[in-house]
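Since we're looking at a predicted model, the values are computed, not measured. Proteins get letters first, then strands, A, B, ... in listed order; numbering begins at 1 in each.
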Amino acid sequence: MLEANHPEPASHTPQVGAWDLFLAFTHITLISFGGVLFWTRRLIVERKRWLTEREFVEIVALSQLLPGVNGINMTVMLGYRFAGWAGAAGALAGFLTAPCLVVTAMGILHQRYGELPLVQQALTGMSAVAVGLLIATGAKVAVVIEHRWRPWLFVTLTFLGVGVMRWPLLAVLLALAPCSIAWAWKGKH
Amino acid sequence: MALSEIGALFLYFLMLAFVAVGGAPSVLPEMHRYVVEVHAWITSTQFAELYALAQVAPGPNVMYIPLIGWSIAGWAGAAATTIPFVMPSVTLTMVVAHLHARSHADHDRAHTRERLDTDARGRPRLARLSADSTDGRDGTAHFAEPDLAARHRCGSGTDRTCVIERMNDR
């Protein structure tokens with residue numbers, strides 16, 4: 001693995017190419033119902049041993065700090081780590097291609113059979129679950145917000161603007177975000 | 001669907017990508033407003049059903065974005081929603097991954113140098129050499145080089161040269 005007089009002993013990353021990454025992430029994405037993180041760790045760290053636990057945690061932490069979809073950020077970071085730009089592209093393609101095809105197939109079936117009573121009932125049930133998940137996500141975030149009136153004022157205003165008045169999100173954000181940030185900044189100084 | 005509408009869809013989802021710092025669910029109401037209320041491309045019920053379908057499907061939870069795009073304008077719609085929504089954060093992540101990898105390489109290099117300049121007890125190597133070599137020759141270049149190669153070979157290895165090297169270190 002490591003040559004005797006190699007000048008850089010630090011790199012012990014196994015040889016993983018873009019195609020390996022494409023296949024690995026296709027595998028991950030097709031078995032990962034619910035959470036991607038769990039299955040990625042299982043495959044990359046436990047089964048394939050491409051990374052140690054610590055290296056994996058470091059990459060995941062970094063990818064969660066970045067804006068956007070966490071799963072996609074993590075995929076790109078892992079791909080880049082193994083095979084540079086090509087690795088990132090391969091991993092991302094693997095991560096998105098198969099689910100896109102699955103979801104499109106579902107869309108076709110939905111168009112064709114969506115009106116059947118049995119399918120309608122199933123869809124109503126699934127929608128209820130999806131709404132429940134959304135509310136749970138919102139509640140999880142809300143718990144973190146400080147228990148003072150000022151942050152909650154902005155929570156309420158945003159909800160009223162977007163949820164009740166149905167104003168465009170961008171306009172609401174542009175109006176409220178500067179006030180909220182300025183207010184929080186003034187409170188600290 | 002006209003090409004200009006596909007273009008509008010593309011630009012709209014590009015804007016959403018920059019607003020969706022809190023993740024994909026944070027722009028769901030806005031997407032509903034635009035797709036259902038402003039343009040009436042799909043009904044509210046369809047929107048909810050497509051969202052639920054995508055949650056049931058394997059893969060990341062953002063798959064409702066290609067699905068909604070697809071049901072509005074077929075494959076072109078799926079591409080015009082997914083690509084702009086994903087590209088900004090992917091680009092940023094690639095830049096960060098690149099910088100991260102580079103800073104790691106720098107850190108490792110500095111770390112290796114530091115290790116080579118001191119012996120096992122953290123004393124400067126030169127001091128150890130002058131203490132050990134009684135014949136008074138200048139051992140710096142002579143000793144440091146094979147020692148360096150051996151340490152690289154060792155890592156956590158247990159082969160004979162390494163064990164001998166470690167004994168010499170004591």
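If you measure heavy-atom distances from B/V86 to chain A, the contacts under 4.5 Å come from the side chain alone. Contact annotation for A/S127: both backbone and side-chain heavy atoms come within less than 4.5 Å of a heavy atom of chain B. Both the backbone and the side chain of A/V103 come within contact range of chain B, each with at least one heavy atom under 4.5 Å from a heavy atom of that chain. Residue A/W39 does not touch chain B at all, counting heavy-atom pairs closer than 4.5 Å. Interface remark: A/Q120 contributes side-chain atoms only to the contact with chain B (heavy atom separation under 4.5 Å). Looking at B/V90, both its backbone and its side chain come within 4.5 Å of chain A, counting heavy atoms on both sides. At a 4.5 Å heavy-atom cutoff, the contact between B/L28 and chain A is made by side-chain atoms alone. With a 4.5 Å cut-off on non-hydrogen atoms, A/L62 touches chain B through its side chain but not through its backbone.
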Run the side-chain hydrogen bond (donor to acceptor under 3.5 Å, both in side chains) check on B/H100 and A/E58 step by step: do they pass?
CA-CA 11 Å; B/H100 181 240; A/E58 192 184 332; 3.1 Å; yes

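The choice from B/F85, B/Y34, B/W75 that makes the most heavy-atom pairs within less than 4.5 Å of chain A is B/W75. Between chain B and the options A/N70, A/V129, A/I108, A/V102, the largest number of non-hydrogen pairs under 4.5 Å is found for A/I108.
The backbone N or O of A/L169 lies less than 3.5 Å from a partner atom in the side chain of B/E30, making a donor-acceptor pair.
No more than 12 heavy atoms of other residues, nucleotides or ligands shown are found within 6.0 angstrom of CZ on A/R47.
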